[in-house]
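Below is one structure, written out as C-alpha cells, with a few remarks after it.
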Amino acid sequence: MTTFDASGHRHFSPVDSSAQERAARLRQLGLGDSADADFDAFAQRIAQTLGVPNAMVNFITDTHQYLGGLFTRVPSMEDANAETDPRSAPMETGYCPHVIARRMALVLEDVCDYPRFAGNDVVDKMNVRSYLGAPLIDRTGLALGTVCVVDTEPRPWGRDGLNAIKSLAGEGVELLHRREREIQGS
C-alpha cells in the first residue's frame with residue numbers, strides 16, 4: 001500500500017494503527033533504541049537454525065526500526081547506515097513494517113519477483129534478495145517487532161522455513177516475557 005504523509009511524501013510502508021501503543025510497550029521493556037546481548041545471541045541462533053548469513057530481532061517503534069538483535073556475516077549489513085546508528089533504520093526501509101502491519105509471517109524467496117518489494121532501499125544498499133520474517137506478538141496482543149532473516153541470494157524457504165521462523169518468533173516472545181518478569185522483579 002502506498003501512503004502519503006502530511007507533507008505529501010510517498011511511503012510504501014503499510015498504515016500502522018498500533019504504533020503509539022507499541023512504542024510505549026517497547027519503552028516499558030527497555031527495547032527499541034539499543035543493542036541487547038540476549039537478542040544478539042538469539043539472532044545468531046536464528047541464523048544458525050536457518051543456515052543464513054544474516055538474522056535480526058527488529059523492534060519497530062513509532063518513528064523507526066531498531067535491530068535490538070543482530071547477527072551478520074555480511075559487513076554491508078552493519079555498515080549500511082554507517083553515517084548514523086547502523087542498527088537503526090527508517091520505517092520505509094526493509095520488510096519488517098509489513099510483517100507488523102499484517103501480523104503474519106512474510107516469505108519473499110526472491111524480493112525481485114514482487115514489484116512492491118523489489119524497489120526497497122535494502123535491495124541495492126545491502127544486496128538483499130530474500131527475506132523471511134515473523135512478528136513478535138506479546139501477551140498484550142501487540143506486535144512489538146519481528147524475527148527475520150535475509151540473504152543476498154534467492155532462497156526457496158518453503159513450508160519448513162515458514163514453520164521455523166514462526167517457531168523462532170515464539171521463542172523470541174518468550175525472551176520478551178522473561179525480560180518483563182525481570183523488570184517487574186527489580
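The distance from atom OG of Ser34 to atom CG of Asp36, rounded to the nearest 0.5 Å, is 7.0 Å. Rounded to the nearest 0.5 Å, atoms CE (Met56) and CZ (Phe42) are 12.5 Å apart. To the nearest 0.5 angstrom, Leu67 atom CG is 12.5 Å from Phe39 atom CZ. For the atom pair Asp138 CG and Arg22 CZ, the distance stands at 11.0 Å (nearest 0.5 Å). Between atom CG of residue Leu106 and atom SG of residue Cys148 there is a gap of 10.0 Å, rounded to the nearest 0.5 Å.
By the 4.5 Å heavy-atom criterion applied to side chains, Cys96 and Ile60 are counted as neighbours. By the 4.5 Å heavy-atom criterion applied to side chains, Pro154 and Glu109 are not counted as neighbours. Looking only at side-chain heavy atoms (C-beta outward), Asp121 and Glu92 stay at 4.5 Å or farther from each other. Using a 4.5 Å cut-off on side-chain heavy atoms (C-beta onward), Val111 and Val150 make no contact. Between Ile165 and Val147 the shortest side-chain heavy-atom distance falls below 4.5 Å. For the pair Pro97 and Gln65, the minimum side-chain heavy-atom distance is below 4.5 Å. No side-chain heavy atom of Val57 sits under 4.5 Å from any side-chain heavy atom of Thr146. Residues Leu144 and Val173 fail the side-chain proximity criterion, which asks for heavy atoms closer than 4.5 Å.
One side chain, Thr72 or Asn54, offers a donor N or O that lies under 3.5 Å from an acceptor on the other. Donor-acceptor pairing under 3.5 Å is lacking for the side chains of Gln184 and Arg181.
Between Asp151 and Arg129, none of the side-chain N atoms (NZ, or NE/NH1/NH2) sits under 4.0 Å from a carboxylate O, so this pair counts as no salt bridge. Between Asp40 and Arg87 there is a salt bridge, with a side-chain nitrogen of the basic residue lying less than 4.0 Å from a carboxylate oxygen of the acidic one. Glu174 has no carboxylate O lying under 4.0 Å from a charged side-chain N of Arg139, or vice versa, which leaves the two without a salt bridge.
Aromatic pair Tyr95/Tyr131: centroids less than 6.0 angstrom apart.
Each of Tyr66 and Leu175 belongs to its own hydrophobic cluster when Ile, Leu, Val, Met, Phe, Trp and Tyr are linked at side-chain heavy-atom distances under 4.5 angstrom.
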